[in-house]
Amino acid sequence: MATDRITIFDTTLRDGEQAPGFSLNTGQKIRLARQLEALGVDVMEVGFPVASDDDARAVKLIAGEIRGTVLAALGRCNPTDIELVGELLQSAARPRVHTFIATSDLHLEQKLRLTREECLAAVRCSVTQARKYTDDIEFSAEDATRSDMDFLCQVVDTAIAAGATTINLPDTVGYCVPSEIARFYKTVMARIADADSVVFSAHCHDDLGLAVANSLAAVLAGVRQVECTINGIGERAGNASLEEIVMAMRVRHDLLPYSTGIDTTQLFRSSRLLSELTGEPVQANKAIVGRNAFAHEAGIHQHGMIQDRRTYEIMRPEDVGVESTLVLGKHSGRHAVRRRCEQLGYELCPGELDRVYRAVIVLAERGKPASNDDLAGIVERG
Ligand code: KIV
Ligand code: ZN
């Protein structure tokens with residue numbers, strides 16, 4: 001059965017890099033951009049160039065380097081930002097100008113001090129200006145989910161009439177719950193006359209820990225682009241995590257019948273590279289890419305896994321690029337010790353197994369799960 005294809009828009013190098021502790025130098029950004037290309041993201045947002053000369057330089061260099069992926073750069077709805085983004089993306093094979101303005105009354109009145117009419121004019125002028133550089137224009141209505149629905153629809157109509165091809169409606173402060181965001185997208189799409197001529201996009205923040213759930217709810221409501229980051233990094237509590245969204249669609253294809261262009265075997269490598277470049281570790285129990293995501297230590301679990309992996313495993317570690325591991329810790333049983341020894345080429349008689357098992361437990365009680373080298377040493381010492 002043909003399934004709907006979801007565009008994966010990665011914003012690790014823009015929204016992710018904006019987060020405290022996650023800044024990267026230009027060389028590091030290029031390394032990560034190459035890995036994102038290998039991962040198979042459809043769109044890579046590579047910076048907000050007006051923010052710094054470093055950002056601008058990185059956008060230009062990545063534009064010259066990455067040829068197969070759509071490259072987006074972000075600018076506010078003003079002539080200076082759009083010109084800078086447009087010029088920097090000139091050498092990109094597949095450029096996308098991404099422009100945004102806030103649409104909630106709170107942001108318009110308190111932050112931008114703009115009237116609704118001024119906001120509409122800025123959207124019209126900016127999208128029109130961006131069209132001089134490329135036909136691929138994304139418009140984002142910042143704080144869309146807290147905006148007045150009638151006004152938001154006016155803004156979206158204006159952006160589409162001026163030539164926007166993707167309409168992104170961010171949950172900028174991570175305020176929504178899944179049922180609400182589904183209703184939100186359905187309402188907007190039903191009210192926009194030209195809804196079918198554009199791609200609607202979700203961009204969810206994780207302030208309530210709901211960014212992935214909200215993104216999936218948005219897809220079920222009809223959105224066909226999802227904006228996300230590796231390891232879920234991003235402003236404050238972060239953005240929706242790319243690896244969680246992609247694997248949810250893959251593992252629960254029965255309920256989420258969508259496909260992506262992601263090579264899932266590159267997920268773990270992408271996560272580790274980001275962590276290595278930023279020096280920020282991934283939490284051990286992080287879904288999909290955390291150190292413990294596929295680790296089974298309890299004896300009962302290990303026994304089950306040895307009999308049939310499906311007892312405790314809903315996806316195979318190798319599908320996300322992780323080598324399978326049964327941790328030999330203090331909760332492990334003899335089954336796991338024997339299995340690991342077999343994998344290392346040692347056939348143990350029952351007496352030997354008992355001795356090796358006890359040595360593994362002694363190590364574990366000192367807080368050191370037995371590695372393959374430890375195990376080989378124990379077996380060979382006899
Ligand atoms: O969270 C947000 O609203 C954004 C937009 C600028 C796209 O990152
Ligand atoms: Zn954001």
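Start at 1 and go down the list; that is how both ligands and their atoms are numbered.
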Residue among Lys60, Lys29, Arg14 satisfying salt bridge (Lys or Arg N to Asp or Glu O under 4.0 Å) with Asp55 |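 Of all the options given, the one that passes is Lys29.
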Kindly determine whether Glu365 and Lys330 satisfy salt bridge (Lys or Arg N to Asp or Glu O under 4.0 Å), including the steps that lead there.
-> CA-CA 6 Å; Glu365 277 171 353; Lys330 64 180 179 183; over 6 Å; no
Name the atoms and distances for all side-chain donor-acceptor pairs under 3.5 Å in residues 181-191, with sequence neighbours left out.
{"from": "Tyr185", "atom 1": "OH", "to": "Leu169", "atom 2": "O", "distance (Å)": "2.8"}
{"from": "Tyr185", "atom 1": "OH", "to": "Ser201", "atom 2": "O", "distance (Å)": "3.0"}
{"from": "Thr187", "atom 1": "OG1", "to": "Arg183", "atom 2": "O", "distance (Å)": "2.7"}
{"from": "Arg191", "atom 1": "NH1", "to": "Asp150", "atom 2": "OD1", "distance (Å)": "3.3"}
{"from": "Arg191", "atom 1": "NH2", "to": "Asp150", "atom 2": "OD1", "distance (Å)": "2.4"}

Passing option when His205 is tested against Val173, Asp171, Asp15 for side-chain contact (heavy atoms from CB on, under 4.5 Å) |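 The passing option is Asp15.
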Could you list the atoms of ligand 1 found under 4.0 angstrom from a heavy atom of [X]?
| X | value |
| --- | --- |
| Asp15 | 8 (O) |
| Ser140 | 7 (C) |
| Glu142 | 3 (O) |
| Pro170 | 2 (C), 3 (O) |

Backbone, side chain, both or neither: what part of Glu227 comes under 4.0 angstrom of ligand 1, heavy atoms only?
->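 Answer for Glu227: neither.
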Residue part near ligand 1, for His205, under 4.0 Å between non-hydrogen atoms |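 The side chain, only.
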Side-chain contact test, heavy atoms from C-beta onward, threshold under 4.5 Å: evaluate it for Ile66 versus Met44 and give yes or no.
->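 Heavy-atom side-chain distance check passes, below 4.5 Å.
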Val173, Leu74, Thr172: member with heavy atom nearest to atom 2 (C) of ligand 1 =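 Residue with the shortest heavy-atom distance to the ligand atom: Thr172.
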Could a heavy atom of Arg14 be found less than 4.0 Å from some atom of ligand 1?
->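 It does, in that a heavy atom of Arg14 comes within the 4.0 Å cut-off of ligand 1.
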Residues Glu318 and Arg309 bridged, charged N to O under 4.0 Å =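 Result for this pair is yes, salt bridge flagged.
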So, are Lys368 and Asp374 salt-bridged, with charged N and O less than 4.0 Å apart?
->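 Yes, charged N to carboxylate O under 4.0 Å.
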Distance below 2.8 Å from the Zn ion (ligand 2): protein N/O/S atoms |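 Sorted hits: Asp15 OD2, His203 NE2, His205 NE2.
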Minimum-distance pair of heavy atoms, taken over all atoms of Val59 and Leu89 |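 Looks like CG1-CD2, 4.0 Å.
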Identity and separation of the nearest protein heavy atom to atom 4 (C) of ligand 1 |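 That would be His203 NE2, 3.5 Å.
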Please report the C-alpha distance between Asn168 and Glu227 in whole Å, then the side-chain angles of each, then the deciding distance to 0.1 Å, and finally whether the side chain to side chain donor-acceptor pair (under 3.5 Å) criterion is met.
-> CA-CA 9 Å; Asn168 183 40; Glu227 304 199 355; 3.3 Å; yes
Will you find, in the side chains of Thr103 and Ser147, an N or O donor that is under 3.5 Å from an N or O acceptor?
->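 Yes.
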